[in-house]
Enquirer: 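First, the structure itself, so that you have it in front of you.
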Amino acid sequence: MAAGPLGAVSTLYRAIEAVPLSLWRNRELISQMTRRDVIGRYQGSLMGILWSFFNPILMLAVYTWVFNVAFKARWAADHESTSQFAVIVFAGMIVHGLLAECVNRAPAAILSHANYVKKVVFPLEILCWVILCSAAFHATMSLAVLFLFLLLTQQALHWTVLLLPLVLMPLLLLSLGCSWVLASIGVFVRDVAQITGLVTSVLLFLSPVFYPVSAVPEQYRSLLYVNPLTLVINQSRDVLLWGRPPSWSVWCSALLASLLVASLGLWWFERTRKGFADVL
C-alpha cells in the first residue's frame, strides 16, 4: 500500500522536474529558434523588428485618446490620481496578450513543423518553448513602452517593478502547460485553432482588463477569481502602477498550481507525441 503513494509522488516529481530540464538541455536551440521566429515575423517589412516596439506605442496612443479623451473613462477613485485609465488597461492587455499569443499559436505548433516529427533526435516539446519566448519578447517590448510612458508622465517608476518577472512567472508556466496540451490536441483535431481564438477573445472580457474587480457585483466576484488571469493582472498592476508588492502567499499558491499545469502539459505531450507521425 505504501508503494502506491510513494510511486505517485515519485512520478509527479519527475514530471515537475522535466519542465526546467527541458529548457536547460535545449536552451541553445530554443534561443536560436526564438530569434528566427521573432525576426521571421517581420521579415520583408521596411522597419523589420522595430515594429515590435512601434506597435505597442501606437496601441498605447490609441488607448490614451479613446479612454481619456473620447470616453473620459475613470477607474477606481483611489487610483485615478496615480495612473490614467488607458495605462491601467494597457497593463492588463499586456498580460492577456501574452497568454493569448501562446494559446492561439499552440494548435499549429506541430502542424507547421511537420518535417520535425519524424526526426527522432529533435525535441518537439521545445516548439512550445519557442512560442512562449516569442510571446515574452513582444510582452517585454510592450512593457518597455509602458515604462517610457510612465517615466514621461510621472517622472519615476516604483521599485516594485523589479518584482514583475516573479509576478508573471505563474502566467508563463500556465501558458506553457496549455501550449503543450493544445499543440498535441491540434495534431489530431484541427478545429482547435478556431476554438482557441474564440476562447481568448471571450477571456479578454471575462478578465479585469477594462474594469476593476470592484465593478463586478459581489455575488459574481468569486467566479471572476476562477479566471487565472485575474490574479496576474491585479498583481501586475500593483507592482507596475501602484507600488504595492504582491501577496506572497497567494503568489506561491498560484506558482505551484501553474507548475503543476506545466508538468501535466508536458507529460500529456510526451504521451501523445508517438501518434503524431501517423496523423501527419
Side-chain angles (χ1 to χ4, degrees), residues 3-34 36-37 40 98-136 169-203 226-229 254-280:
L6 289 177
V9 171
S10 177
T11 301
L12 179 60
Y13 175 79
R14 288 196 298 270
I16 293 175
E17 184 185 37
V19 175
L21 284 178
S22 171
L23 174 62
W24 177 254
R25 290 171 178 170
N26 304 290
R27 59 191 183 279
E28 293 184 3
L29 184 57
I30 292 173
S31 176
Q32 294 173 5
M33 294 189 68
T34 300
R36 188 174 66 181
D37 182 79
L98 199 159
L99 175 66
E101 181 173 349
C102 293
V103 169
N104 289 334
R105 293 186 61 191
I110 306 300
L111 297 175
S112 58
H113 297 87
N115 56 313
Y116 292 158
V117 173
K118 295 184 179 180
K119 294 181 178 180
V120 180
V121 296
F122 186 83
L124 288 176
E125 72 276 5
I126 73 168
L127 295 176
C128 292
W129 278 111
V130 172
I131 291 175
L132 177 65
C133 292
S134 179
M169 187 62 67
L171 179 66
L172 296 175
L173 290 171
L174 176 65
S175 302
L176 185 62
C178 291
S179 296
W180 274 321
V181 173
L182 292 171
S184 171
I185 297 176
V187 176
F188 305 100
V189 184
R190 307 298 170 91
D191 294 339
V192 172
Q194 309 302 323
I195 298 174
T196 55
L198 177 63
V199 169
T200 53
S201 296
V202 172
L203 197 61
V226 173
N227 178 359
L229 280 179
L255 182 66
L256 290 175
S258 300
L259 181 58
L260 181 60
V261 170
S263 303
L264 293 176
L266 181 56
W267 175 83
W268 170 266
F269 185 88
E270 294 294 345
R271 289 291 296 270
T272 57
R273 66 180 295 174
K274 297 176 182 178
F276 292 171
D278 298 332
V279 177
L280 298 175

Enquirer: What's the separation between atom CH2 in W129 and atom CG in L176, rounded to the nearest 0.5 Å?
Expert: 4.5 Å

Enquirer: If I take atom CD1 from residue I126 and atom CG from residue L23, how far apart are they, to the nearest 0.5 angstrom?
Expert: 10.5 Å

Enquirer: Using modelled atom types only, decide if a donor and an acceptor are shared between the side chain of W268 and the backbone of W180 within a distance under 3.5 Å.
Expert: no

Enquirer: Parallel, tilted or perpendicular, judged at 30° and 60°: which one describes the rings of F269 and F276?
Expert: perpendicular

Enquirer: Go through the steps to decide whether V117 and R273 satisfy the test side-chain contact (heavy atoms from CB on, under 4.5 Å), and finish with yes or no.
Expert: CA-CA 9 Å; V117 173; R273 66 180 295 174; over 6 Å; no

Enquirer: Between R25 (side chain) and S22 (backbone), is there a donor-acceptor pair under 3.5 Å?
Expert: no

Enquirer: How far does CD1 of I110 sit from CG of L124, to the nearest 0.5 angstrom?
Expert: 5.0 Å

Enquirer: How close do V187 and V279 get, counting heavy atoms only, and between which atoms?
Expert: O-CG1, 3.4 Å

Enquirer: Can you tell if the side chain of L29 reaches within under 4.5 Å of the side chain of P123, non-hydrogen atoms only?
Expert: yes

Enquirer: Is there a donor-acceptor pair closer than 3.5 Å between any side-chain N or O of T196 and the backbone N or O of A193?
Expert: yes

Enquirer: With a 4.5 Å limit on heavy-atom distance, are the side chains of V103 and S179 in contact?
Expert: no

Enquirer: Scan side-chain atoms only and decide if S134 and T34 contain a donor-acceptor pair under the 3.5 Å cut-off.
Expert: no

Enquirer: So which atom in C133 and which in I30 form the shortest heavy-atom distance, rounded to 0.1 Å?
Expert: SG-CG2, 4.0 Å

Enquirer: Compare every heavy atom of L182 with every heavy atom of A106, then report the nearest pair and how far apart it is.
Expert: CB-CB, 3.9 Å

Enquirer: Can you measure from CG (L259) to CG (L172) and round to the nearest 0.5 angstrom?
Expert: 12.5 Å

Enquirer: Carefully, step by step, assess R105 and L127 under the rule side-chain contact (heavy atoms from CB on, under 4.5 Å).
Expert: CA-CA 10 Å; R105 293 186 61 191; L127 295 176; over 6 Å; no

Enquirer: Can you tell me how far apart CD1 (I131) and CE (M33) are? Round to the nearest 0.5 Å.
Expert: 9.5 Å

Enquirer: Could you tell me the separation between the CG atom of L256 and the CG atom of L173, rounded to the nearest 0.5 Å?
Expert: 10.0 Å

Enquirer: State, yes or no, whether a side-chain contact exists between R190 and L111 at a heavy-atom distance under 4.5 Å.
Expert: yes

Enquirer: Are any of the side-chain heavy atoms of S175 and L98 separated by less than 4.5 Å?
Expert: yes

Enquirer: Flag the pair L171 / L229 as yes when at least one side-chain heavy-atom distance between them is below 4.5 Å, and no otherwise.
Expert: yes

Enquirer: Is there a donor-acceptor contact under 3.5 Å from the side chain of T200 to the main chain of A100?
Expert: no

Enquirer: Check the pair L264, V181 against side-chain contact (heavy atoms from CB on, under 4.5 Å), reporting the backbone distance first and the verdict last.
Expert: CA-CA 9 Å; L264 293 176; V181 173; over 6 Å; no

